[in-house]
There are 2 protein chains.
Amino acid sequence: MRPLLDRLQERGCRMTAQRRIIAEVFAGNHVHFTADDVLQRARIALPEVSRATVYNALNDFTALGELLEVTHADGKKRYDPNVEQRHHHLVCVDCDRMLDVHTVDPDLPFAERHGFEIIDVAVTFHARCPDCVAAKAVSS
Amino acid sequence: MRPLLDRLQERGCRMTAQRRIIAEVFAGNHVHFTADDVLQRARIALPEVSRATVYNALNDFTALGELLEVTHADGKKRYDPNVEQRHHHLVCVDCDRMLDVHTVDPDLPFAERHGFEIIDVAVTFHARCPDCVAAKAVSS
DNA sequence: GTCCCTGCAAACGTTTTGCACACAG
DNA sequence: CTGTGTGCAAAACGTTTGCAGGGAC
């Protein structure tokens, strides 16, 4: 998929040094950063990025739709640039690492719908990543 | 299922007036309150319940395991006393109403596991509840 | 030149914590 | 009597907002 930066510019999104850096943080597609992750990474390239600017930019980018997606995980927001294909998430319960996975969407039987109009479904697999499994094996 | 209060007492959990009231808030099983919901409801029966006590009690109750379950929804914690049977959630995107539903757990194909050890899976259906569908029909 | 983005700091809502006191066991 | 739950207030945390100034277009 095209980098987020390119896609933002196509949308006529106004660009500044800070916003460019923030967009570039999402270079890899299978990435799920919290606002603070983004801030830290942005500051490597440009130290005078403020927290508010990161939040503003992330909110603006997501508001454009279909460019950056928000996932609530564990009380924190995570931003995910992989909006091209539907996907679900695999999260490590120990280190919070999050990966995209592709599974068939579960179906909600009509009898269970309680009259609700289903919009979409989010599936999150809670798991332990190989590193944390290894770390646990050592400590025990 | 037995009321939460009974199950807490079986566990030898120390009881006070406040904790009893808090447990009684969860009388119905298919209930998903935020900490603030619990506080408000508890104060109907006993006005001098403090916010901290609600949080303490909720954290203690969940720490006992298998009595009260936490669900992160939209950046807020919700407490769910229905831990006897595995279930998933159906949430109204407009009014936040949350219901339990029972679906088959989706399976994550081995090729998608990335070496993670799966612990469990959470499924959340985002939907519009009948009331909010009706409200939308009126406003348009 | 206009409008919007920026940085700072302060406000916000939710949750946690430190403390002295009171009550359950 | 001892240990733990209580209320209060303050802090912590992630996020948002108000404002004056500056840079994109």
Side-chain angles (χ1 to χ4, degrees), chain A residues 4-6 8-25 32-43 45-64 67-80 91 96 98, chain B residues 4-6 8-25 32-64 67-80 96 98:
Chain A
L4 176 60
L5 180 56
D6 295 3
L8 286 166
Q9 284 176 323
E10 269 165 27
R11 296 289 201 97
C13 184
R14 181 181 245 182
M15 267 305 143
T16 63
Q18 292 83 340
R19 285 157 100 91
R20 204 180 315 274
I21 298 294
I22 291 167
E24 279 167 357
V25 167
H32 304 83
F33 291 138
T34 62
D36 220 74
D37 292 335
V38 176
L39 177 64
Q40 285 185 55
R41 275 157 227 263
R43 279 187 168 161
L46 200 154
E48 49 285 320
V49 177
S50 85
R51 191 177 303 276
T53 299
V54 170
Y55 279 104
N56 284 341
L58 292 175
N59 284 342
D60 291 354
F61 295 173
T62 54
L64 285 177
L67 295 178
L68 194 59
E69 178 181 273
V70 193
T71 312
H72 254 108
D74 207 54
K76 284 181 197 168
K77 289 186 180 178
R78 306 257 203 135
Y79 296 85
D80 177 352
V91 194
D96 271 4
M98 185 186 268
Chain B
L4 177 59
L5 179 55
D6 295 2
L8 288 167
Q9 282 176 326
E10 270 164 27
R11 296 291 199 96
C13 183
R14 181 182 244 183
M15 267 303 143
T16 63
Q18 292 84 340
R19 284 157 100 93
R20 205 181 314 276
I21 299 296
I22 291 167
E24 280 167 357
V25 167
H32 305 82
F33 291 137
T34 62
D36 219 72
D37 292 336
V38 176
L39 177 63
Q40 286 184 58
R41 276 158 228 261
R43 280 187 167 160
I44 294 171
L46 199 153
E48 49 285 320
V49 176
S50 86
R51 192 177 302 277
T53 298
V54 170
Y55 280 104
N56 285 340
L58 291 175
N59 285 342
D60 292 355
F61 294 173
T62 53
L64 286 177
L67 294 179
L68 195 60
E69 178 183 272
V70 193
T71 312
H72 254 109
D74 207 54
K76 282 180 199 170
K77 288 186 180 178
R78 308 259 201 132
Y79 296 85
D80 179 352
D96 273 3
M98 185 187 269

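Protein chains get the first letters and strands the later ones, always in sequence-line order, with residue 1 at the start of each. These numbers were taken from a predicted model, which means no experiment stands behind them.
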Minimal heavy-atom distance between Val54(B) and Ala35(B), with the atoms involved, is CG1-O, 3.7 Å
For residues 14-24 of chain A, which residue pairs qualify under side chain to side chain donor-acceptor pair (under 3.5 Å), counting only residues two or more places apart or in two chains? Arg19(A)-Asp60(A)
Looking at CD1 of Ile21(A) and CG of Leu5(A), how far apart are the two atoms once the value is rounded to the nearest 0.5 Å? 9.5 Å
Test of understanding: with salt bridge (charged side-chain N to carboxylate O under 4.0 Å, His left out), list the residues that count as partners of Asp37(A), not counting sequence neighbours. none
Which is more 5' along DNA chain C, the nucleotide nearest Arg43(A) or the one nearest Lys76(B)? Just name the residue. Arg43(A)
State the NZ-OG1 distance between Lys77(B) and Thr62(B), to the nearest 0.5 angstrom. 7.5 Å
Closest heavy-atom pair and its distance - Arg11(B), Leu64(B): NH1-O, 3.2 Å
Nearest atoms (heavy-atom pairs only) where His32(B) meets Arg78(B): O-NH1, 3.4 Å
Nearest whole Å is fine: how far is dT6(C) C1' from Asn59(A) CG? 15 Å
Any idea which heavy atoms bring Leu67(A) and Leu4(A) closest together, and the distance? O-CD1, 3.7 Å
Integer-rounded Å distance: dC23(C) P and Gln18(B) CD: 10 Å
How long is the line joining CG of Asp36(B) and C1' of dT16(C), in whole Å? 15 Å
Provide, to the nearest angstrom, the distance between the CG atom belonging to Leu39(A) and the P atom belonging to dG7(C). 10 Å
Can you give me the closest heavy-atom contact between Gly75(A) and His72(B), atom names plus distance? N-CD2, 3.2 Å
May I have the distance from Leu64(A) (atom CG) to dC5(C) (atom P), rounded to whole angstrom? 10 Å
Nucleic acid contacts of residues 47-58 of chain B, taken as heavy-atom distances under 4.0 Å to DNA chain C: Arg51(B), Ala52(B), Tyr55(B), Asn56(B)
What string of B, S and - do you get for nucleotides 20-25 of chain D, 5' to 3', if B is base contact, S is sugar-phosphate-only contact and - is no contact with any protein heavy atom under 4.0 Å? ---BBS
Close N/O contacts between protein and nucleotides 20-22 of chain C (under 3.5 Å):
none

Integer-rounded Å distance: dT15(C) P and Lys77(B) NZ: 7 Å
Can you give me the closest heavy-atom contact between Val38(B) and Val25(B), atom names plus distance? O-CG2, 4.2 Å
Tell me which pairs pass side chain to side chain donor-acceptor pair (under 3.5 Å) where either residue lies in residues 48-58 of chain A, with sequence neighbours left out. Asp36(A)-Arg51(A), Ser50(A)-Thr53(A)
Can you tell me the distance, in whole Å, between the CG atom of Asp60(A) and the P atom of dT17(D)? 11 Å
Asp37(A) CG to dG14(D) C1': how many Å, rounded? 13 Å
